[in-house]
Amino acid sequence: MSEALNEPARRTSNLVDAKYRQFFFASMLTSASVSMSVFVDGVLVGNMVNADGLAAVNLVMPVTMLYTTLVSLLGVGASACIAIKKGQRSHAEADEIFTASLFFALVFSLLLMFLQKIMLPAIVGSIVRDAALGGYVGSYLGTLLYLTPFVVFVSVLMHGARTEGLARLAAVVLIAANLLNLICDYIFMGPLGLGIAGAAAATVTGYGVSLFLSCVYIFSKNRTLRFKFSLLGKPRRLCAYLLEISSSGFPAAMAGLLLGVRAYVINTLALAAAGSAGAAAYSVYSSASTIAYMFIMAAVNTMCPLAGTFYGEMDAAGVRFAVKKALKVVLSATVFISALFIIFPGSVLRVYGVTDPLYAKEGVSCLRIAAVSFPFIGLASLYTGYCMAVRKRSLAAALSLLEGIAFVAPLAFILERVAGAAGLWWSLPLSEAAAVLSGWLLYRRENRRAGGRYQNMLMLEETEDCRLIDFSVENSVDKAVAAAQRAEQELRGNGIAPVLAAQVAMAVEEMCVNICRYGYRQDKKCFIDVKIRIMADGRLVLSIRDDGVCFDPLEYKGEEESEGYLVGGIEIVKAMAGKMSYDRILDMNNTTVVLGGAAGKEGEAA
């Protein structure tokens, strides 16, 4: 025990890593269902229709990116705002933001659907001038436009579910939608013979059914975000939330919109440089690259709620741990997938039914060159997502603009003129590498504006009004007791009066021992994060976080055992505390205890 006491209390990443793995698995399933749906959808269209049908699906991408743009603006924006509000314990505002995001998702998606219906001939004419391809595009988009309200509303709703920790439920809804989409693809394009329109009808059917499946979340007892229908009668407040949501989601929305613009630019240049073979090659790359995006978006979507919540709680260590975990996932996955595309491009093309020698030659060139961009796409997406999560909106917007179109458009025009289709393909990795470099340069500029107070690209500010003791405890009673003793020593070393230091140590011990005994029902190694802030006014703010079973210490009174919990020690903590609060955030228990005051520090009492 004496050796343990001599060890300095320190924070580990174990709890954050465990929570990241839990959410990443669900996010990965969601991303996989979406990405594999796009991938298999492309394979089915390429084999059951033809290469021109596959090219038509890709040519419609600028329009479908409008759906993604709307989801990003409202879903990602609301998710970022809700995560920070949850971290700040502003639950009523989080509920209103959630309600506003769903209201505007429904209104804007219906408006977008009607606009597509009215302007369909003009949209098709602006996308493609070739009559044969135009027929495929019109048939596909004329059916797909009915997808708009379903995909936007359900996706925004599921963003809310993921933000409050119900990532598995969100995954089930979206997986079911995409699985049904693939089943209907085969039926509609095969036995029913609906051709390219059948692929669009299958997507509409899948997400239409998902709207009913989302009722599982709406009526879930585990849902903490509530609908505030009274907000709909307050248009000024509703519009204020729209502005807040949109400003947070704008970088992600702009990225989605610019992806559509980029797809239009590259498709146009590919047609000019290599004809239908160039369009088909880029279409295969766009569809197959969803495998890389599957890992990238799962990593980013897992990181953002964690980083946003920890940022709202001013938990710098938690933010660093979440970003580090996401970075490892992104780099390892994208480097591996890039290598596969570079080594086996012919196999990828054969999966899509591309066997014509002319088409295959251009496809091999495209895949081998463009696949180099995956690691850079991952890094740029990760940093953009992080900036949105911590409300560095202008930086995130600048990165989205630079990555989306500012670099790729001029590079594509210049290199296509110089080196033809090969130059066009090289513009993709070069523009992504330039975006990553620009992210570092933008951080340097932001740091200069902030007076150099940032230590690194995470731009976390050290709080000047408190000192911090931050450590983790393994779920063992003996280690919890030893950690409490170490905390008492460190508090005394920071000038805290012995009596107050002992009270904090007692609170740490009682809370952590209770979690060790009752919080984890399975025999596995788990960790509890403990943070003690020594405020300038002498208050000590103790925060304890664990991922055990849901337990609110404020709901239990007396020393009797209730539902397996013996809470006599917690009653002592409640009696000592000036203030005590509890929240269940991201499927974790978060308990805060405030002790002491201005008289708590040695020397001040005298």
Side-chain angles (χ1 to χ4, degrees), residues 69 72-73 76-77 79-81 83-84 87 243-259 261-262 296-297 299-300 303-304 306-308 310-312 314-328 330-331 334 373-414 427-464:
T69 298
S72 297
L73 186 70
V76 176
S79 179
C81 293
I84 291 178
L243 182 61
E244 182 178 358
I245 292 168
S246 300
S247 61
S248 292
F250 178 73
M254 185 169 65
L257 187 63
L258 291 177
L259 279 176
V261 176
R262 177 162 69 173
I296 293 170
M297 298 316 300
V300 174
M303 176 200 70
C304 284
L306 291 169
F310 296 148
Y311 182 80
M314 296 184 293
D315 182 2
V319 172
R320 287 193 294 268
F321 292 146
V323 173
K324 184 178 180 180
K325 192 72 175 178
L327 183 61
K328 288 180 179 178
V330 165
L331 285 178
T334 54
S373 64
F374 291 154
F376 298 114
I377 293 173
L379 290 173
S381 300
L382 186 65
Y383 196 55
T384 302
Y386 172 77
C387 289
M388 285 190 294
V390 300
R391 289 191 171 182
K392 300 294 182 182
R393 296 166 182 167
S394 60
L395 201 155
L399 278 172
S400 296
L401 177 62
L402 292 172
E403 185 197 7
I405 197 67
F407 287 130
V408 71
L411 280 172
F413 277 112
I414 294 169
S427 69
L428 299 174
L430 289 175
S431 63
E432 294 294 343
V436 172
L437 177 61
S438 69
W440 180 73
L441 294 174
L442 286 170
Y443 153 70
R444 293 291 299 272
R445 187 188 67 173
E446 188 79 9
N447 197 23
R448 284 196 301 271
R449 289 180 174 179
R453 66 175 179 266
Y454 300 137
Q455 300 297 316
N456 52 47
M457 291 181 70
L458 297 184
M459 298 174 288
L460 298 172
E461 298 183 33
E462 299 295 331
T463 54
E464 298 179 356

query: Which distance, rounded to the nearest 0.5 Å, do you find between the CE of Met297 and the CG of Leu382?
result: 10.0 Å

message: If we ignore hydrogens and angles and just use 3.5 Å, is the side chain of Tyr383 paired with the main-chain N or O of Met457 as donor and acceptor?
response: yes

- request: Evaluate whether atom OH of Tyr443 has more than 12 neighbouring non-hydrogen atoms of other residues, nucleotides or ligands under 6.0 angstrom away.
  value: yes

- request: Starting at CG of Leu331, measure out to CZ of Phe374 and round the result to the nearest 0.5 Å.
  value: 14.5 Å

task: Answer yes or no: is there a side-chain heavy-atom contact under 4.5 Å between Lys324 and Leu327?
output: no

message: Test: salt bridge (Lys or Arg N to Asp or Glu O under 4.0 Å). Region: residues 387-411. Which pairs qualify, not counting sequence neighbours?
response: Glu244-Arg391

query: Got a second to check how far Arg445's CZ is from Arg448's CZ, nearest 0.5 Å?
result: 8.5 Å

Show me the donor-acceptor pairs within less than 3.5 Å that the side chains of residues 428-436 make with the rest of the protein, sequence neighbours left out.
from: Ser431; atom 1: OG; to: Ser427; atom 2: O; distance (Å): 2.9
from: Ser431; atom 1: OG; to: Leu428; atom 2: O; distance (Å): 2.9
from: Glu432; atom 1: OE2; to: Arg262; atom 2: NH1; distance (Å): 3.0
from: Glu432; atom 1: OE2; to: Arg262; atom 2: NH2; distance (Å): 3.4

query: To the nearest 0.5 Å, how far apart are OG in Ser72 and CE in Met388?
result: 7.5 Å

- prompt: Side chains of Met459 and Leu395: does their closest heavy-atom pair fall under 4.5 Å?
  reply: yes

statement: Interatomic distance, CG@Leu401 vs CZ@Phe407, rounded to 0.5 Å, equals 9.0 Å

Leu306 vs Met303, side-chain contact (heavy atoms from CB on, under 4.5 Å): CA-CA, chis, key distance, verdict: CA-CA 5 Å; Leu306 291 169; Met303 176 200 70; 5.9 Å; no

field: Contact summary for Ala316 and Leu460, nearest pair of heavy atoms
entry: O-CD1, 3.7 Å

query: What heavy-atom pair brings Tyr454 and Asn447 nearest, and what distance separates the two atoms?
result: N-OD1, 3.0 Å

- request: Mind listing the closest non-hydrogen atom pair of Phe310 and Val319 along with its distance?
  value: CB-CG2, 3.6 Å

message: Would you compute the distance between atom OG of Ser79 and atom CD1 of Ile245 and round it to the nearest 0.5 angstrom?
response: 11.0 Å

query: Given side chains that start at C-beta, do those of Cys304 and Val300 come closer than 4.5 Å, heavy atoms only?
result: yes

statement: Heavy atoms of Val323 and Tyr386 approach each other most closely as CG2-CD1, 3.6 Å

field: Atom of Ser438, atom of Leu399 and distance for their closest heavy-atom approach
entry: OG-CD2, 4.0 Å

- line: When every non-hydrogen atom of Ala322 is compared with those of Ala307, the smallest separation belongs to CB-N, 4.5 Å

Ile296 vs Thr334 side-chain heavy atoms within contact, under 4.5 Å: yes

